Protein chains: 4
Amino acid sequence: MTEGIGSVREGDSVRGTGQGAGQGAGQTRAKRADARRNEKALLDAAAAVFVASGVEAPVREIAARAGVGTGTIYRHFPTRADLIIAVFRHQVDACAEAGPRLLATGESPYVALTKWIDLFVDFVVTKHGLAAVLRSDSAGMDTLGAYFLDRLLPVCTDLLDAAVTSGEIRDGVEAYELMRGVGNLCIGADNDPRYDARRLVGLLVAGLRQPR
Amino acid sequence: MTEGIGSVREGDSVRGTGQGAGQGAGQTRAKRADARRNEKALLDAAAAVFVASGVEAPVREIAARAGVGTGTIYRHFPTRADLIIAVFRHQVDACAEAGPRLLATGESPYVALTKWIDLFVDFVVTKHGLAAVLRSDSAGMDTLGAYFLDRLLPVCTDLLDAAVTSGEIRDGVEAYELMRGVGNLCIGADNDPRYDARRLVGLLVAGLRQPR
Amino acid sequence: MTEGIGSVREGDSVRGTGQGAGQGAGQTRAKRADARRNEKALLDAAAAVFVASGVEAPVREIAARAGVGTGTIYRHFPTRADLIIAVFRHQVDACAEAGPRLLATGESPYVALTKWIDLFVDFVVTKHGLAAVLRSDSAGMDTLGAYFLDRLLPVCTDLLDAAVTSGEIRDGVEAYELMRGVGNLCIGADNDPRYDARRLVGLLVAGLRQPR
Amino acid sequence: MTEGIGSVREGDSVRGTGQGAGQGAGQTRAKRADARRNEKALLDAAAAVFVASGVEAPVREIAARAGVGTGTIYRHFPTRADLIIAVFRHQVDACAEAGPRLLATGESPYVALTKWIDLFVDFVVTKHGLAAVLRSDSAGMDTLGAYFLDRLLPVCTDLLDAAVTSGEIRDGVEAYELMRGVGNLCIGADNDPRYDARRLVGLLVAGLRQPR
DNA sequence: TATGAATGAGTGTTCATTCAT
DNA sequence: GATGAATGAACACTCATTCAT
């Protein structure tokens with residue numbers, strides 16, 4: 001990511017309570033502050049635990065780290081996928097938004113594609129086990145993959161199309177497949193000093209240039 | 001694999017009990033035969049279950065399928081990795097042996113490398129969940145990766161070196177990294193019709209050709 | 001019940017806050033009105049939920065339906081039994097009052113008894129799970145049974161005594177036992193098309209007629 | 001019950017392993033003895049706990065009482081209904097078998113019916129909470145009711161038919177309804193000194209005699 | 001040696017109840 | 001007073017692993 005987001009910002013609930021302005025003394029605000037503080041703690045804790053023990057870490061572990069009861073987690077994030085999504089929401093969003101920006105730079109579409117994918121790899125690689133869980137077929141985890149895909153696929157498609165149009169890369173590779181492939185290459189990239197996901201992704205993208 | 005290995009041959013224990021000849025009628029001999037038969041059944045059952053439910057299938061399921069008790073499995077294969085290794089031993093061996101053969105064909109080293117990797121991909125992709133478990137950091141599963149690597153890395157290195165020497169591919173990519181990458185690309189390739197691991201691996205290998 | 005009581009009237013708190021008149025504009029008065037309105041909503045919601053999910057429905061469900069917080073429920077009705085009693089108070093009262101009325105009709109006491117019990121059965125059978133909870137020995141639920149009994153037992157006793165006196169039924173059956181029995185026969189009467197509580201209760205009451 | 005069955009006999013598994021004769025030294029026998037001993041302990045413990053805490057008592061409580069792990073319970077009785085059925089199997093069987101016997105006595109069918117129902121009441125009343133759970137609509141508990149019904153309904157039907165044929169009782173009451181009713185009357189009969197289920201059931205059956 | 005019964009830690013999930021706001 | 005967020009005990013259920021027979 002362009003901006004190094006280490007911790008999670010407040011208000012990152014899955015349910016985007018997009019009530020932008022106005023911080024009047026509305027009576028409902030009171031609890032909201034409390035809850036929001038808690039949700040923040042939860043997301044931070046989850047992020048930390050995800051790094052330490054992977055995104056499939058026991059609910060209890062996350063709760064303990066956040067200093068809350070397990071019920072609190074279920075209140076805020078009914079599903080594990082909800083929690084994961086909330087934790088990574090900003091990064092995914094940032095990544096999605098970076099696509100058009102890169103395309104508008106004036107650089108060649110292929111270069112934009114390359115840089116965008118680097119961004120994606122940076123994001124995924126640093127999240128222990130995220131890449132793996134994106135592939136997990138555990139029930140409910142599909143929601144997670146769906147979210148990522150929904151958000152990023154259109155962006156990737158645009159980049160890909162542009163690069164095809166500019167004649168820089170071959171035709172015939174779907175964004176879905178590419179992103180899955182890149183995601184897969186990121187698995188296990190942390191804690192393995194002999195494995196550099198970025199380099200391999202570089203090869204993969206380089207492979208796109210090959211003429212038929 | 002060149003040869004379609006459907007079932008597992010006898011005597012495929014991890015601990016190569018290489019006591020080939022001699023089948024006297026001593027009672028110990030008899031037991032030996034019994035045990036070997038059992039191990040055979042076990043490996044066949046495990047192979048079948050691995051295909052059906054993945055390599056992380058419950059021990060009981062395998063035991064049931066083999067018609068033995070769970071204890072028997074633990075006796076023969078103390079660790080799950082041991083079992084997996086035993087099940088796939090032949091394929092890994094066949095794959096390892098195919099490397100030099102391909103190199104000796106007279107084809108260009110790059111073509112040989114390509115074909116060899118195709119072989120590997122064919123093997124891995126058809127084993128439900130194998131690719132994933134090769135990356136799993138569950139305790140003990142590292143043994144599994146180690147085995148695969150021990151066996152295949154030298155072969156891959158030779159192919160890679162030859163292709164570098166022949167000037168067909170760029171330098172600087174380790175066999176370890178390449179194999180891990182290819183393995184990763186195979187994850188989730190079954191049961192996802194929109195994802196073709198072979199094509200992506202093709203791109204990856206094509207990427208190697210790029211000049212620096 | 002004779003009168004179809006669908007909703008609950010205001011002021012039906014367990015603790016009969018019998019402060020009838022006077023609605024000065026003092027702030028405490030205002031609150032009172034507020035609270036009463038709230039209690040009313042609560043009782044209606046509870047009645048609805050009891051029908052839909054039984055009298056053991058989660059507190060949250062009732063609170064949600066009433067549009068109040070769970071805490072509010074606990075404030076008004078410290079115990080679940082209190083809530084149930086409040087919800088059914090009117091019906092129980094109506095039933096209690098119907099006894100003397102029936103007895104005064106001029107019909108034979110036995111007929112009056114029969115009709116009264118029919119009334120009771122109608123009431124209980126239509127309250128999903130009420131009969132069952134009347135028998136539940138969950139802590140605190142005894143209060144509930146006690147309330148029903150306190151209210152209805154004297155009435156039943158009178159009817160019974162009259163019928164004994166008139167020589168229509170045998171002696172020796174207590175009102176307590178009879179009411180418990182009738183209540184029991186009502187359990188599970190809804191959602192079981194093959195089970196008609198009224199018919200069985202009819203048999204039971206008919207049995208009373210038998211000479212010793 | 002005729003025979004006062006206090007504890008549970010061995011081999012009362014749900015899955016009637018009806019391999020009657022032959023207690024040779026078959027190799028499979030060995031464990032069986034162990035397991036059977038355990039199952040016996042389990043059933044006794046369950047019976048005790050059912051009395052103490054009802055048939056919905058926590059699995060752990062039963063396991064603890066039996067001195068086994070919870071897994072053991074699940075091994076023997078996958079479902080709670082299985083366990084309950086196993087616990088009460090003998091009594092249900094004995095009750096079922098008593099029906100024809102009573103009918104063959106030479107007594108009038110009505111008397112036979114009365115005695116049979118007394119038997120049933122004796123059985124149910126002494127099992128704390130059994131009657132209640134027979135009415136529970138908790139998922140899976142229907143199996144339990146089904147078992148009781150399957151076993152006892154035919155018997156009851158025969159008795160009922162006979163009494164109708166002999167002209168002793170009125171027509172038009174199904175065995176299903178009658179048994180449900182009797183079962184219901186047994187709810188809460190223990191621990192309530194003022195409630196005598198037998199007497200009420202007597203009234204119910206007496207009610208059958210009434211001419212239309 | 002083989003068996004498979006027993007174990008029990010581990011996990012997700014629900015819900016009554018309390019209490020800070 | 002009202003709110004509803006937080007709590008955490010309670011429970012069912014799974015499965016890897018051990019060990020008596």
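Proteins come first, then strands; the chains are lettered A, B, ... in the order of their sequence lines, and each starts at number 1. Because the structure is predicted, anything quoted here is derived from the model rather than measured.
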Starting from [atom2] on [N], measure out to [atom1] on [X] and report it in whole angstrom.
| X | N | atom1 | atom2 | answer |
| --- | --- | --- | --- | --- |
| D/Phe77 | E/dA5 | CZ | P | 13 Å |
| A/Leu42 | F/dA5 | CG | P | 13 Å |
| C/Glu56 | E/dA16 | CD | C1' | 13 Å |
| D/Asn38 | E/dG4 | CG | P | 16 Å |
| B/Leu83 | F/dA16 | CG | P | 12 Å |
| C/Ile62 | E/dC15 | CD1 | P | 12 Å |
| A/Ile73 | E/dT14 | CD1 | P | 14 Å |
| A/Glu39 | F/dA6 | CD | C1' | 13 Å |

Between [X] (side chain) and [Y] (backbone), is there a donor-acceptor pair under 3.5 Å?
| X | Y | result |
| --- | --- | --- |
| A/Asp44 | A/Ala41 | no |
| C/Arg135 | C/Gly145 | no |
| C/Arg75 | C/Thr70 | no |
| A/Asp82 | A/Thr79 | yes |
| C/Arg65 | C/Arg60 | no |

Among [options], the nucleotide that comes nearest once only the side chain of [X] is considered:
| X | options | answer |
| --- | --- | --- |
| C/Arg75 | F/dA2, E/dT14, E/dA6 | F/dA2 |
| D/Tyr74 | F/dT14, E/dT18, F/dA2 | F/dT14 |
| C/Arg80 | E/dA16, F/dA2, F/dA16 | E/dA16 |
| B/Arg60 | F/dG4, F/dC15, F/dC13 | F/dC15 |
| A/Thr70 | E/dA16, F/dG8, F/dC15 | F/dG8 |

For F/dT7, take OP1 and OP2 only and decide whether either is under 4.0 Å from a side-chain N or O of A/Thr72.
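Looking at the OP1 and OP2 atoms of F/dT7, one of them is under 4.0 Å from a side-chain N or O of A/Thr72.
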Under 4.0 Å from OP1 or OP2 of F/dG1: is there any side-chain N or O of C/His76 that close?
no
Tell me which of A/Val68 and B/Ala57 sits closer to the 5' end of DNA chain F, going by the nucleotide each one is nearest to.
A/Val68
Start at the 5' end of DNA chain F and walk down; is the nucleotide closest to B/Gly71 or to D/Pro58 reached first?
D/Pro58
Less than 4.5 Å apart, side chain to side chain, heavy atoms only: is that true for C/Phe50 and C/Lys127?
no
Just wondering, do C/Phe88 and C/Val55 contact through their side chains at under 4.5 Å, heavy atoms?
yes
Runs of at least three consecutive pairs that involve DNA chain F, where pairs are Watson-Crick or G-U with distances under 3.5 Å:
E:2-21 with F:2-21
